[in-house]
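Below is one structure, written out as structure tokens; the observations come after it.
Throughout, protein chains are lettered first and strands after them, A, B, ... in sequence-line order, and every chain is numbered starting at 1.
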Amino acid sequence: MFEAIAFYLFAALTITMFTITVMTSQALYAITAMAAGMIFISAFFFILGADFLGAIQIIVYTGAVMALYAFGMMFFDTTRDVVEKRTNPQIVFVLGVLAAVMVVAIFVAPIVSNNIQALYPIQEGVGNSQAVGMVLFTKYLVPFELAAVMLLVAMIGGIVLAGKKMDKSLTLMKEEEIGLMDDTFEPKAGGH
Amino acid sequence: MDVAFIIETIIKIVVILLVFSALAGLGTYFERKVLAFMQRRLGPMHVGPFGLLQVAADGIKLFTKEDIIPQNVVKPIFKIAPVITAATAFMAAAAIPFWPQFTVMGYTVHPIVADINVGILYVLGVMAIGLYGPLLGGMASANKWSLISAARSAAIFISYEVITGLSLLAPLMMVGSLSLIDINNYQAGGITHWIVWSQPVAFILFWIAAFAETGRTPFHLVANDHEIIDGFGTEYSGMRWGLFFIGEYANMFFISFVIAIIFLGGFGDGSIAGAFQLLLKVAFFFFFFLWTRAAWPDVRPDQLMWLCWKVLMPIAVINIVITGIVMMF
């Protein structure tokens, strides 16, 4: 009974939160609702007994959404509504509905055709994190390592892009030096 | 799921809430007194004996003060931000074993609300959500100082979290479990079995990260005291402002428990002496928070990020690699 109550409560909360994320035109509401929705999703993992994934969901998404807040702070006045530029609402509507239908079809198709099997049944006497580790380092080793390499590539790319002129500090420079730097600081062929 | 279990859990939750709300209030008194003695002052003296009732006076003031919501703020988020800080601090406490289990009138009590087998991950994850309070409060306040303060809290968050995780990884590799009770039992053999002797580097790193996590001096950047005004709390008044403080002080107590359990043996073998030792260790770590505040200035946000990413993170990674090599051979 408790599971059912908790499931419906968190299902309603999650759907409400993500609806707010999509429908609101205020950046602060959208990001906050998304953070809340991501944290509420962890409740489903806890209900299913996957404590490890639940805790990881909380840790990963609080950090990830925090980065979104940083961008939101830089790009928007978060206390005002964002005026969206809608040039062609029909296309947006059609594409949105199509994407939603496709996602539902992808997830419903295996359930409808009864084609889901648990390939790695739960082992008795093995903790949650150990079970995740076993599957991760046997069956899913290659995707796991590939993901790690991709993250490494992204990190190196980020450092290379952001690391130019990192040793120079604008606060320590004189006005003339900054003026001289401006010419070299701009990209050569208007690459904005 | 029987009725006795539900009643027991509810009683535990209420006790933890009451004890640590009261301790959070007393924590402000301890902080004032300790800071005062270190700065050769007397601290609060006028309300009650040795100023002890100052806590009650502050409480009455906070509860009865008008709750002002300024005009241009984003109201729902402005209102909910302090609740996030206070609530997540107490939610994190659900997986902390405060005492060894004891028997009262033939009934064994486990002083932990939920013994989930990923305890430490849960505690740190939920504690980390607490920084959303300053962030949201600052961003919703429609005040430039608050907004800058929110930006600093985001900077702190993305800096310290890596250190917390990586520094904990090495001791967790040795224990082989994420449950705080298993970690405690691993060190049950006495003072020579404490993880701090085999993982001193991880201990120091985690301790430093704990200062950033609770937002205490020298990482008290969120509410930058040098600006005279109170950072994210500028627009807050009354109990909403008080909730930020309850959250901060409760977090200090809980992180002290976590450090003591992971690195300093926790409650040991579960005897009464062990239980009181745990309280002494927690008291020491809490005192150390106040001591640091009296002795050190704050660092700048860029210094904190430099410290976390360029100094502490490589040390933590090297520590993990060395631990792994030692464990393999």
Please classify the contact of A:Gln57 with chain B as side chain, backbone, both or neither, using a heavy-atom distance under 4.5 Å. neither

Other residues, nucleotides and ligands only: do more than 12 of their heavy atoms fall within 6.0 Å of CD1 on A:Ile91? no

Taking the six-membered ring for Trp and the single ring otherwise, decide whether the centroids of B:Tyr236 and B:Phe78 are under 6.0 Å apart. yes

Which atoms of A:Ile58 come close to chain B, meaning under 4.5 Å heavy atom to heavy atom: side chain ones, backbone ones, both, or neither? side chain

Are A:Phe45 and A:Phe52, when compared by the centres of their aromatic rings, separated by less than 6.0 Å? no

Does the side chain of B:Thr323 come under 3.5 Å of the side chain of B:Gln199 through a donor N or O and an acceptor N or O? yes

Distance, nearest 0.5 Å, that separates CD1 of B:Ile320 from CD1 of B:Ile315: 12.5 Å

For A:Ile56, which atoms come within 4.5 Å of any heavy atom of chain B: side chain, backbone, both, or neither? side chain

Hey, could you give me the CD1/CZ distance between A:Ile5 and A:Phe10, rounded to the nearest 0.5 Å? 12.0 Å

Is A:Tyr61 in contact with chain B via its backbone, its side chain, both, or neither, using a 4.5 Å heavy-atom distance? backbone

Would you mind checking which part of A:Val65 comes under 4.5 Å of any heavy atom in chain B, side chain (CB onward), backbone (N, CA, C, O), both or neither? both

Do you see a donor-acceptor pair shorter than 3.5 Å between the side chains of B:Trp145 and B:Asp230? no

Side chain, backbone, both or neither: which part of B:Leu121 has a heavy atom under 4.5 Å from chain A? both

Are the ring centres of A:Tyr69 and B:Tyr132 closer than 6.0 Å? yes

Can you tell which of B:Val123, B:Leu136, B:Asn72 has the highest number of heavy-atom pairs within less than 4.5 Å of chain A? B:Leu136

Need one label for A:Ser129: side chain, backbone, both or neither, based on atoms under 4.5 Å from any heavy atom in chain B. side chain

Let's test your reading of the structure: which of B:Ile116, B:Ile77, B:Val73 forms the most heavy-atom pairs below 4.5 Å with chain A? B:Ile77

Under 4.5 Å heavy-atom distance to chain A, tell me which part of B:Leu147 shows up: side chain, backbone, both or neither. both

If I measure from the heavy atoms of chain B, does A:Phe46 come under 4.5 Å with its side chain, its backbone, both, or neither? side chain

Portion of B:Phe157 that has a non-hydrogen atom of chain A nearer than 4.5 angstrom: side chain

